[in-house]
Amino acid sequence: MAALRIGVLTSSDTRAAGDAEDTSGRALIELSEAHGWEVVRYHLVPDDRDRIASALVQMADSDSCDVIFTTGGTGLGPRDVLPEVTLEVSDREVPGIGQVVRGESLKITSRAMLSRGTAGQRGHTLIINLPGSEKAVRESFGFVEGVVEHAVEMMAGGGHG
């Protein structure tokens, strides 16, 4: 299999405004590149439905990303809308990914039950929501990294044997 094409999106008002560093987005880039995957696009956007949707659609449709990892916007804050936008732009939900991330994260912190992250498929692109902190991103990436290549293969019509 050729190197996966990866998109990374950080949804955060404070990081987009320059009031905080985007360490979780940088961590996703680093973790993806460590697998030999090519990060072809990175977006840092505020918690804004239209900006998030536009970035996700661009990465899936124009940039032909195989996988988009998102960070931030999955909590209970009034502007946390990433799971809703992910489902709006997806053709179908992939609920097991969010379930595993929450389930495994609960072994580390009870606050994991407050995360609403999900995953969806848009065409041949898998969109995976991960939490907003660098620590949680690194942990959550570890829970999903082993199935990403198989998921991409399945979306392309293979991997069923």
When hydrophobic residues are tied together by side-chain contacts of less than 4.5 Å, even through go-betweens, does V137 share a cluster with V39? yes
Determine whether M59 and L9 satisfy the following criterion, side-chain contact (heavy atoms from CB on, under 4.5 Å), listing intermediate values before the conclusion. CA-CA 9 Å; M59 288 189 283; L9 178 138; 3.7 Å; yes
Any I68 side-chain heavy atom under 4.5 Å of L56 side chain: yes
Run the side-chain contact (heavy atoms from CB on, under 4.5 Å) check on L76 and D80 step by step: do they pass? CA-CA 6 Å; L76 298 177; D80 288 337; 5.5 Å; no
Enter the distance from L130:CG to L82:CG here, rounded to the nearest 0.5 Å. 9.5 Å
Look at the rings of F141 and W37 and say which category their plane angle falls in: under 30° parallel, 30 to 60° tilted, over 60° perpendicular. tilted
Between CG on residue L44 and CD on residue E21, distance to nearest 0.5 Å: 11.5 Å
Approximate separation, where rounding is to 0.5 Å, of Q121 CD and I97 CD1: 10.0 Å
Do you see a donor-acceptor pair shorter than 3.5 Å between the side chains of T86 and N129? yes
Strictly by modelled atom types, are E149 and H35 linked by a side-chain donor-acceptor pair under 3.5 Å? no
Please answer whether the main-chain N or O of C65 pairs with a side-chain N or O of T125 as donor and acceptor at a distance below 3.5 Å. yes
I'd like to know if the side chain of R5 and the backbone of D63 have a donor-acceptor N/O pair within less than 3.5 Å. yes
Check against side chain to side chain donor-acceptor pair (under 3.5 Å), T10 and D22: CA-CA 8 Å; T10 299; D22 182 19; 2.7 Å; yes
Please check: side-chain N/O of R122 versus main-chain N/O of D91, any donor-acceptor pairing under 3.5 Å? no
What's the verdict on side-chain contact (heavy atoms from CB on, under 4.5 Å) for I52 and R49, showing C-alpha distance, side-chain angles and the deciding distance? CA-CA 5 Å; I52 295 166; R49 284 180 180 272; 6.0 Å; no
Among side-chain atoms of S62 and R41, is any donor-acceptor pair under 3.5 angstrom? no
Going hydrophobic residue to hydrophobic residue with side-chain gaps under 4.5 angstrom, can you get from V100 over to L87? no
May I ask you to decide if G132's main-chain N or O and S24's side chain share a donor-acceptor pair within less than 3.5 Å? yes
Salt-bridge criterion met for R26 and E134 (N-O under 4.0 Å): no
Side-chain heavy atoms of K135 within contact of T109, under 4.5 Å: no
Does the side chain of I127 reach to within under 4.5 Å of the side chain of V89, using non-hydrogen atoms? yes
Apply side-chain contact (heavy atoms from CB on, under 4.5 Å) to the pair R79 and D13, showing each step before the final yes or no. CA-CA 9 Å; R79 290 183 47 84; D13 288 336; 2.6 Å; yes
How close do R116 and G73 get, counting heavy atoms only, and between which atoms? NH2-O, 4.1 Å
Rounded to the nearest 0.5 Å, how far apart are NZ of K107 and CZ of R102? 14.5 Å
CG of D66 to CE of M155: how many Å apart, nearest 0.5 Å? 7.0 Å
dist S32:OG -> E30:CD (nearest 0.5 Å) comes out at 9.5 Å
Between E139 and S105, do the side chains contain a donor N or O and an acceptor N or O under 3.5 Å apart? no
For the side chain of S90 and the backbone of E93, is there at least one donor-acceptor N/O pair under 3.5 Å apart? no
